[in-house]
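All remarks here apply to the structure that follows.
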Amino acid sequence: MNGTVASAIGGTGVFAPPSRFRLPWSSAVDARVDGSKLPKEVVLSVRDLTVAYRVRRGMVQAVRKVSFDLRRGETLALIGESGSGKTTLALALVRLLVRAAKVTDGTVVYQRDGRAVDVLRVGSDALRHYRWNECAMVFQSALNALNPVLRVREQFIDVARAHGMTNRATAVARTLELLKLVQLDAERVAGSYPHELSGGMRQRVLIAMGLLLDPQVIILDEPTTALDILTQRTVIDLLRRLKEERQFALILVSHDLALAAELADQVATVYAGRIVECGSVADIFYRPNHPYTVGLLNAVPTLSGDFRSLVSVRGQPPDLIDLPRGCSFLPRCPFGTPECEREDPHLVSVVPGGPSIPGAGSHTAACFHAPTVAKGFSRRLQTEQGDEVASPDASAKRGAR
Amino acid sequence: MVAASQSLAPAPGISPLVGVWHAVTGNFVVRRVAKALMTIWAVATMTFFLVRLMPGNPIEQYIGQLIAQYGLPYAEARDMAASLFSVDLDQPLMVQYVGYLGKIARGDLGMSIKSQGAKVSDIIVAFLPWTIFCVGFSLLISFILGIALGALMAYWRDSVLDYALTMIGSLLHSIPNYLIAMILIIFLGVRWELLPIVKMRGSMSPGMQPGFTIAFVVDVLFHAVLPIITYVVTTVGTWMLTMKASTTATLEEDYVSFARAKGLTDGRIRTAYVGRNAVLPLFTQFTLSIGFVFGGSVLIESIFVYRGIGQVLVSAVSGRDYPVMQGCFLITTASVVFANLLADLLYGYIDPRVRVGQ
Amino acid sequence: MSETVALPPSTPMPGMATVRAFGRTVLALVRQPAGAIGLFGVVFFLLLAFVGPSFVLLDVKTKLGKEYQLPSSEFLLGTDYQGRDVFSQIVHGGRDIIIVATTTALITTAIAVSLGALAGFLGGWFDTVVLAIADIILTIPQFPLLLVLATFVRLNNIVLLGVLLAALGWPALMRAIRSQVLSLRQRDYIEAARCLDLGTGHIVFQQILPSMTGYIAISFTLGMINAIFLQVGLIFLGLVPLSGNNWGVMLQLAWVRGAIFIKGGLGYILSPVVAISLLQLSLIMLARSLEEIFNPRLRRGN
Amino acid sequence: MTAVNARSVDSPTSDGSHAPLITLENVRWHVPTPRGLVKAVDGVSLSARDGEIVCLVGESGCGKTTTGKIAAGLLTPTSGRVLYEGRDISSLRGDDFNRFRRGVQLVHQDPYASINPMHTVGATLSAPLRRHGFAGSSSAARTRAAELLDLVDLTPSKDFLDKYPHQLSGGQRQRVAIARALTVEPRFIVADEPVSMVDVSIRISLLNTMLRLQRELGTGFLFITHDLALARYFAWGGRIGVMYVGRMVELGLASDLVANPQHPYTRALLSAIPEADPELTRRKTRVELRSLEIPSLLKLPSGCTFHPRCPQFETGLCEVSVPQLRAPGSTVAELDSSNVHAVACHVVARG
């Protein structure tokens, strides 16, 4: 298997790096951005992205002033509970928001080969090119993401044709290669209708489809949620291998901390439409600075290691229409003080003098009490040999067993 | 049928007989054809027993009439009735019934009482094609127009066009088709005198030679235009509104947003992703509407004096010409059943999920 | 805790949930413009047909020289071929139509709900047989069938007419009810009620029926629409013996007497046309709004 | 929320003295479909003592939900028996049956589907209270309903009595569903994935509430889940059974089963589960399966149903005979009454 993968990627066959890469963006002059300020390795740079939509009860503040940088080959996990706005955020990055939703502020700058554009301002042709050629987004429900009346092969060809790959034979050959790459019985799956495939197979078909045009960025929304554990494992291992081999940047949207722990380089916790903490995967899991991150970590049971008694984050997920005054996490926060009610804390570096924009090399949190929170958190850290550094709290609770 | 059942091996653990039964009933095509045949059989049976068993049995009535009017002896009158109704009155009822079914299967539907010597099957052959042409053509126009407008309304939801078309659609849908027909005649024909309404009666002008000539086609369309307008106007609203609802729902499907995420062209998304999936639920409605519109032809053809099977049925009913009535009704039903069957099989072809069979 | 006791008991009386669901439905209807218009129209025609005759006398007097008059202040909708007032005929002509439609809808809904519920609940051969019969009736074109039946059955009784129309009208509604019951039956809350042993009566009247009121209301309205279409058609073809006074008879007389060819006859022939159309329109708007309230697929996303 | 581990001390599981409250004896659920016989559950035996927690773990389609419904008396097994207090429930009549019916309750997976949207919380809880005579009047029912809401931590309970389900969050609805099950004072609750549709951040509090009920009211639980980590947390003092396509493949004390899995399937499962700890989860050793394909219930593999995927597959053994669930060195009959760790695997049983 490894042999085929390596030759498929490294070789000059059907997988040769696409020479068709040309940004038809000259038509959208006003969308062009001065890329000189952006570090070369940043592929996606989001600033102050704000999305709102109107429902009968009022305005839903789905995404509020979100900023982050995504680097080439890096994996960013957006973690949050349902209704936190993480999916809306992902959809905004490819401009696929529902009709009622509007981006009210911010920029999404995409950079390739030193050229940069603001995705939110490009024209429709350029946008169509950006989607899938540059940034592929695979939705949450793999079960419904494929057209029920077309065979899988036709749906691959549709994508190929839409992006200028007119030769049907080439497109089919590429499709079969990719289906093999995701460990599917390529010929059979290509000739199947979606309803003839299992959930895990469909999810892998979508991932294969995402790779069809070699995009720089792939966004996956809950890629493993509906799958069985063993199938989940296949998909996770597949993703890890693919991102190492192909060096695409990956944005994972999930409620599942474990998925982030498995795949992410950077993790951002999203609460009430904002990134409340972002840092490297180790920062988030071992040195969290935001009470919400801590709450999530304390609420998830593990299989290995010691048995701990767990506590949920208290209270209910926030109502995005009627957000509390000040810090939106305040009603559920054990660290709250009157100060928190006065103002919504900004995202700032937890290391003095560090960068305050989430991205590689920074650890940021939006909490006035970040140092206190960080000090209070302790968690067993397993060293390589398996002996552990247990918190006094956990050992006290270990009890008789 | 045998071939179909053999191709599917009986499931393990179930007796072979049950397996064959499941294979037969599990096959979509076989099931549909069986249903169609059963419907035709049910209608034939019903008309037979209605004619034979109802109080005021038309055969007895006719015999009585022959005796009274022409002074025929009973036996002769009886023989005449038997040949007209295409039954053998000396046999027990069940034998007559079987014989009747046999004759139907051979295309023998008896003779007309009113037009002496005319075979019912000949009458049907002369009139049925006009109705099929008129109704079929209208359904097709209305379906296509409705789908196009409905899709447009869904894409331009909440626009002025959407509101206007929704209003018009509801309005047209609510007025019974025969009232629309009357309104057309009153205004286009009589009040404003835009159309020579009397000349438009019949299915073609007297003396017109059937054939594939321009003059003939124009003449046929000239005579059919008012019925067609009526059928189209009264059915298009339903298609529009249903298609709008269906498209609106399809637009929210994940595979449509996903197609956008994949950067497919709008044209491709509209046709292969939205259009094809949105039309699917309309097919079941389409089959139902065939019977409705075909049945409605009875009224429409009477109002426009269009020489189709509907009008023949009405005059047979008012003239108590039972064999003609029986035959017309049977053939009308059979046409509808056949059209339904076609539509269903076509649906199976378009939707791969049905093809596999549930 | 004592405060809780003092509060009014909220345990529902049997059928209360159904009543409350009905109330909610009416409220939801009035909030929609189309639903409000439909409801208003239906109420208007009910008043016209059942209360109107007490205020407007039916004009039966032949008035020579006043035949085929256009609407005027004396004859609001003109006069007929005998010089009689059309307006009074319109006021008196709705009753029978609505009674037949309601009878039909009542019987249709009763058959549809009971057969649909039974088929959905029992399943098995009963379901298969009922569904097969429904499919056959659905396939047979209704109007020709009615024509044939009309030659054997004398349709001079409006209730009989209603029964006959209902006998042919139930299948489509039955199928809708059946699929609704099938989907309701599989709901987890029904299973929970079974697990709690709440009893069949409770499950049917408290858990299932309240969720069905919408479908029953839609069924009823659609049944009325279909019945009006068919009965007026039958009357128009002269297959229902002419008796009494109703819009269908007016239509038939006006058509046969050639009112369309006479300038003054316009009011005479158009009045029943407009009356029937408006009644149908009101009913359809009502049905559509009900559908929009109860069918989440049609509901606008928020 | 505190001292969860204390359960293991006073839980009756540690000694085997109590007679089982509920027992499934070799139950099968075979459904004929047009495409063949579906063997959703194929010979499962399981028992639970009063107040015991048993978890059923497995992937979708393994028959765990069907087994749960059989245990709750909502499905009649096509073969095999269900015993309640030692008596076959199919033979129970009248009051005896009612005792069982009230004694075992079910909490569904989806709190959005399991509560009738047309009824208020108060009405939902009052109906069973009135029906089974736990409240003589509607005001008494209301009082009791409020108490039950308090019991499941929906406080202040008065605020919730007159709410409709759509006014509640998923977690709150699930609490209402639990309160509804508690109306008839059951001794055993079958909870079918009760937290899988609830937000991660509040899952644990729901489990903690259920654990408190077990501790305070002595209610036993059959907890059905696909998440072994949740099972381990919930059943720390009880047992876990692992199911694979209709059969039980491993059964043992929760702590033991997770720490020392025997069946190749359980091992594969444990090694595959991603964990919320990057160091740990990225270093785990995986058990490689021979095939990714999940067998169709219509066409189950011969012998051990796991054999086409099993890394320890032995030709001539695994595909030939069906392995029985047994603890190494003990007879099948002992299974109910002891805390043995039992496995259905030829290779493991051989040692």
Side-chain angles (χ1 to χ4, degrees), chain B residues 35-36 38-39 42-43 46-47 50-51 54-56 58 157-158 166 170-171 173-179 182-183 185-186 189-191 241 245-246 248-249 252 287-288 290-299 302-303 310 313-314 316-318 320 322 325-326 328-329 332-333 336-337 340, chain C residues 34 38 132-133 135-154 172 225 228-230 232-234 236-239 251 254-255 259-263 265-266 269-270 272-274 276-285 287-288 291-292 295 297-298 300-301:
Chain B
K35 199 180 112 189
M38 218 168 88
T39 309
V43 169
M46 190 195 73
T47 49
L50 265 182
V51 168
M54 274 300 211
R157 202 148 32 122
D158 297 334
T166 305
S170 307
L171 193 72
H173 173 75
S174 61
I175 305 176
N177 51 15
Y178 45 87
L179 295 187
M182 289 169 76
I183 291 169
I185 290 188
I186 292 170
V190 182
R191 282 301 128 205
L241 299 177
S246 176
T248 309
E252 273 155 34
T287 54
L288 282 182
I290 295 173
F292 183 79
V293 177
F294 215 108
S297 70
V298 167
L299 281 155
S302 303
I303 291 172
L313 182 60
V314 172
V317 166
S318 37
R320 296 291 187 266
Y322 291 98
M325 184 184 87
Q326 216 174 331
C328 279
F329 178 57
T332 306
T333 308
V336 171
V337 168
N340 279 354
Chain C
I133 295 174
D135 268 356
I136 288 176
I137 299 182
L138 264 182
T139 317
I140 302 173
Q142 281 204 0
F143 214 87
L145 178 58
L146 277 172
L147 288 193
V148 173
L149 290 179
T151 59
F152 297 101
V153 188
R154 290 227 154 272
I225 292 166
I228 293 173
F229 172 81
L230 290 175
V232 175
L234 283 176
F236 180 72
L237 285 181
L239 290 166
L251 200 66
W255 184 258
I260 59 162
F261 297 108
I262 295 151
K263 195 156 176 265
L266 201 61
I269 189 149
L270 280 185
V273 168
V274 171
I276 296 166
S277 302
L278 282 182
L279 177 57
Q280 294 284 72
L281 184 65
S282 307
L283 284 169
I284 277 188
M285 283 171 94
R288 262 190 208 295
E291 243 177 320
E292 209 158 304
N295 186 351
R297 253 174 87 93
L298 295 177
R300 271 149 212 259

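A quick note: this is a predicted structure, and the numbers were derived from the prediction, not measured. Lettering of chains follows the sequences in order, A, B, ..., and the numbering in each one begins at 1.
- Only the side chain of C/Ala132 has a heavy atom closer than 4.5 Å to any heavy atom of chain B.
- Note: B/Ile303 CD1 to C/Phe236 CZ = 4.0 Å, rounded to the nearest 0.5 Å.
- Of all heavy-atom pairs between C/Gly233 and B/Leu299, the closest is O-CD2, 3.7 Å.
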Between C/Phe229 and B/Phe292, is a ring-ring contact (aromatic ring centres under 6.0 Å, His included) present by the stated rule, with each step listed? CA-CA 12 Å; C/Phe229 172 81; B/Phe292 183 79; 5.3 Å; yes

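- For chain B, the nearby part of C/Ile284 is the side chain; its heavy atoms alone come within less than 4.5 Å.
- Interface residue B/Ser302: only side-chain heavy atoms are found under 4.5 Å from chain C.
- Residues C/Leu147 and B/Val298 come closest through the heavy atom pair CD1-CG1, 3.2 Å.
- If you run side chain to side chain contact (heavy atoms under 4.5 Å, CB included) between B/Ser174 and each of C/Leu283, C/Ile225, C/Leu281, only C/Leu281 comes through.
- With sequence neighbours excluded, the residues that form a side-chain hydrogen bond (donor to acceptor under 3.5 Å, both in side chains) with B/Thr166 are B/Asp162.
- Residue B/Tyr178 holds its OH atom at 9.0 Å from CG of C/Leu237, rounded to the nearest 0.5 Å.
- In this structure, B/Leu171 CG and C/Leu278 CG are separated by 8.5 Å, a value rounded to the nearest 0.5 Å.
- Interface remark: B/Ile185 contributes side-chain atoms only to the contact with chain C (heavy atom separation under 4.5 Å).
- Side-chain contact between B/Pro176 and C/Ile276: present, with at least one pair of heavy atoms (C-beta onward) separated by less than 4.5 Å.
- Residue B/Ile186 holds its CD1 atom at 4.0 Å from CD1 of C/Ile269, rounded to the nearest 0.5 Å.
- The two atoms that bring C/Pro141 and B/Gly291 nearest to each other are CB-O, 3.5 Å, heavy atoms only.
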Run the side chain to side chain contact (heavy atoms under 4.5 Å, CB included) check on B/Met325 and C/Val148 step by step: do they pass? CA-CA 7 Å; B/Met325 184 184 87; C/Val148 173; 3.8 Å; yes

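- At a 4.5 Å heavy-atom cutoff, the contact between C/Leu270 and chain B is made by side-chain atoms alone.
- Considering only residues two or more places apart in sequence or on other chains, C/Leu145 meets the side-chain contact (heavy atoms from CB on, under 4.5 Å) condition with B/Met46, B/Phe329, C/Ile140, C/Leu149, C/Leu168.
- Highest contact tally toward chain C, considering only B/Thr47, B/Asn177, B/Val43, is held by B/Asn177 [criterion: heavy-atom pairs under 4.5 Å].
- Nearest heavy atoms, B/Leu179 versus C/Val273: CD1-O, 3.8 Å.
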